[in-house]
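Taking it in order: structure first as structure tokens, then the write-up.
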Amino acid sequence: MIRIESISKSYGKVKAVDSLSFEIKKGEIFGLLGPNGAGKTTTVKILTTLTKPDKGACYIDEIDIIQNPIEIKKIIGVVPQENNLERELTVYENLLIYGMLHKVKNLKSRIDEVLSAMGLQDKKNSVVSTLSGGLQRRTLLARALLPQPKVLFLDEPSIGLDPHIRRELWQIIRKIKSEGRTVLLTTHYIEEAETLCDRVGILSHGKLIALGTPSELKKDVGEYVVEFTDKDGRLVSQICHSREQAYEIAKQRSDGVMIRKSNLEDVFVKLTGERIKEIKEGQ
Ligand code: ATP
């Protein structure tokens with residue numbers, strides 16, 4: 001559904017995106033992860049036609065993004081990180097204006113559909129500024145879904161939401177997937193990516209350093225972790241490929257040693273840490 005072919009984008013001397021290539025399949029929830037400044041937002045901006053790459057090509061549903069930005073806008077929905085709803089208008093008025101701008105057919109019944117899908121029917125006439133952060137996020141999602149986009153982009157969808165509301169949002173995103181839509185999200189919550197995403201891509205310094213399902217990445221990088229306190233009292237986590245290797249390391253430590261299964265966060269820390277070390281050594 002999304003094909004990115006060797007795109008690069010620099011801001012002055014900073015290579016925000018550096019020869020990036022990957023594909024996202026139809027109906028997938030794909031998570032783009034990476035430390036601050038890794039190039040996630042720049043990649044999303046390119047895919048949503050907000051900025052052009054310096055080189056490379058990308059396609060959504062076989063439409064060339066650079067050549068046909070207007071066609072692309074018709075098939076994508078975007079939920080930005082910052083809340084750009086009209087705060088003094090009601091939920092319904094926000095949807096109405098957006099739907100009119102996007103020439104949504106049968107707008108009134110479509111608004112009812114998305115309000116019902118997002119569980120917002122009873123908030124239809126509420127002024128946005130009076131809603132909680134979670135309900136405002138749901139309104140942003142409802143708005144993005146109005147024109148029935150094939151691909152939905154979510155930039156840090158659960159930032160600032162409490163754990164209950166975050167889980168509720170995950171259910172909604174799964175529902176969007178079950179309608180056959182493709183979802184690309186960026187997140188700093190690695191647990192969110194592990195729970196929700198079919199596949200993830202990890203970016204570091206504009207490059208893709210890992211791509212796969214959360215289980216594939218754990219298998220590749222290490223399925224076990226030994227945790228212990230070093231002589232300076234710091235907690236150290238060492239990721240290992242096998243239980244045997246983990247036991248060997250644990251045997252050499254005495255205090256507070258623990259062996260556990262790895263999670264995506266362990267993989268993320270290991271890979272992005274190594275990449276930073278490689279870059280520093282190359283300087
Ligand atoms: P974060 O997780 O902090 O949001 P990110 O992975 O989304 O980071 P980007 O925002 O894509 O990263 O930024 C990648 C690099 O490009 C950073 O070094 C950033 O400072 C730089 N950058 C991004 N946008 C601009 C811009 N408009 N002008 C100058 N530099 C920029």
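For ligands, and for the atoms within them, numbers begin at 1 and follow the listed sequence.
- No donor-acceptor distance shorter than 3.5 angstrom exists from the side chain of Arg199 to the backbone of Leu211, with no hydrogens or angles considered.
- With hydrogens and angles ignored, the 3.5 Å screen pairs no side-chain donor or acceptor of Glu93 with any backbone N or O of Leu89.
- Residue pairs that meet the ring-ring contact (aromatic ring centres under 6.0 Å, His included) test with at least one member in residues 136-176, sequence neighbours left out, do not exist here.
- Side-chain contact, Gln136 with Asn83: a donor N or O sits under 3.5 Å from an acceptor N or O.
- Enumerated by chain and number, the residues approaching ligand 1 to less than 4.0 Å through a heavy atom are Tyr11, Val14, Ala16, Pro35, Asn36, Gly37, Ala38, Gly39, Lys40, Thr41, Thr42, His188.
- In this structure the side chain of Leu146 reaches within 4.5 angstrom of the side chain of Tyr98, judged on heavy atoms.
- Checked for salt-bridge contact, Lys219 and Glu216 miss the test: no charged N lies under 4.0 Å from a carboxylate O.
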